[in-house]
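Structure record follows, encoded as structure tokens.
Just so it is clear, the structure is predicted and the values come from calculations on it, not from any experiment.
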Amino acid sequence: MEGSRREARERAVSLLYEAELKEQSPDEVLADLPLAPEDFVIDLVRGVGRHRERIDALIERHAIDWSLDRMPAVDRNICRVAVYELLERPDVPSAAVLSEAVELATTYSTDESSRFVNGLLAAVANEVRPS
């Protein structure tokens, strides 16, 4: 299951990145697909779309000295997916959310991105899922 969730997160980040580049809503990007992705991908993409204002506010508050516009688009969308999971998917452990996001940042973004993503998401997790 975790392998498929990893792939689902990767696909969700890709679709959100596409939506941003095309200046479309996440729902529009999903509707344009020839085949619907798996349910977890749809949940992540639509969830980010529905809760984007709150998600972006949390990211902005915890991204010290970084605005959303200054972040690499890949990092921004990795963080959006992870923050959505932290907020709306209590069935997914915080450690899994952070680990997967850091792995995506390591694979698809800059050398510094994994540390940035980890620090930002750890701060968000401490706020929205206090121990």
Please report the interatomic distance CG(N118) to OG(S113), rounded to the nearest 0.5 Å. 12.0 Å

Point-to-point distance, once rounded to the nearest 0.5 Å, from CD1 of I78 to CD of E100: 11.0 Å

Any idea which heavy atoms bring G47 and Y84 closest together, and the distance? CA-CE1, 3.3 Å

Please give me the minimum heavy-atom distance between L44 and A8, naming the atom from each residue. CD1-O, 4.2 Å

Are the side chain of E28 and the backbone of A19 linked by a donor-acceptor contact shorter than 3.5 Å? no

Salt-bridge present (E88, R50; N to O < 4.0 Å): no

What distance do E23 atom CD and L21 atom CG have between them, rounded to the nearest 0.5 Å? 9.0 Å

Going from CG on L16 to OG on S25, what distance comes out if it is rounded to the nearest 0.5 angstrom? 10.5 Å

Test your reading of the model: is there a side-chain donor-acceptor pair from N126 to the backbone of A122, 3.5 Å cut-off? yes

Kindly check if the number of other-residue, nucleotide or ligand heavy atoms within 6.0 Å of CZ (R54) is above 12? no

Do other residues, nucleotides or ligands put more than 12 heavy atoms under 6.0 Å from the OH atom of Y17? no

Under 4.5 Å between side-chain heavy atoms, counting indirect links through other Ile/Leu/Val/Met/Phe/Trp/Tyr residues: same cluster for V117 and I64 or not? no

Closest non-hydrogen atom pair, V124 against V83: CG1-CG2, 4.1 Å

Nearest heavy atoms of R11 and V41, plus distance in Å: CG-CG1, 3.8 Å

What is the distance from atom CZ of R6 to atom OG1 of T107, rounded to the nearest 0.5 Å? 8.5 Å

Any non-hydrogen side-chain atom of R89 less than 4.5 Å from a side-chain atom of F40? yes

Which heavy atom of R129 sits nearest to which heavy atom of P93, and what is that distance? NH1-C, 3.6 Å

Worked check of side-chain contact (heavy atoms from CB on, under 4.5 Å) between L58 and L87: CA-CA 10 Å; L58 278 165; L87 289 169; 3.8 Å; yes

Rounded distance [0.5 Å steps], CG in D75 versus CG in L120: 9.5 Å

Are K22 and D32 within salt-bridge range, i.e. N to O under 4.0 Å? no

Could you tell me whether a side-chain N or O of R70 sits under 3.5 Å from a main-chain N or O of D65, the two making a donor and an acceptor? yes

Using a strict threshold of under 4.0 Å (side-chain N to carboxylate O), is an ion pair present between E85 and R9? yes

Indicate the atoms forming the closest heavy-atom contact of E60 with L68, along with that distance. OE2-N, 2.8 Å

If we ignore hydrogens and angles and just use 3.5 Å, is the side chain of N77 paired with the main-chain N or O of A73 as donor and acceptor? yes

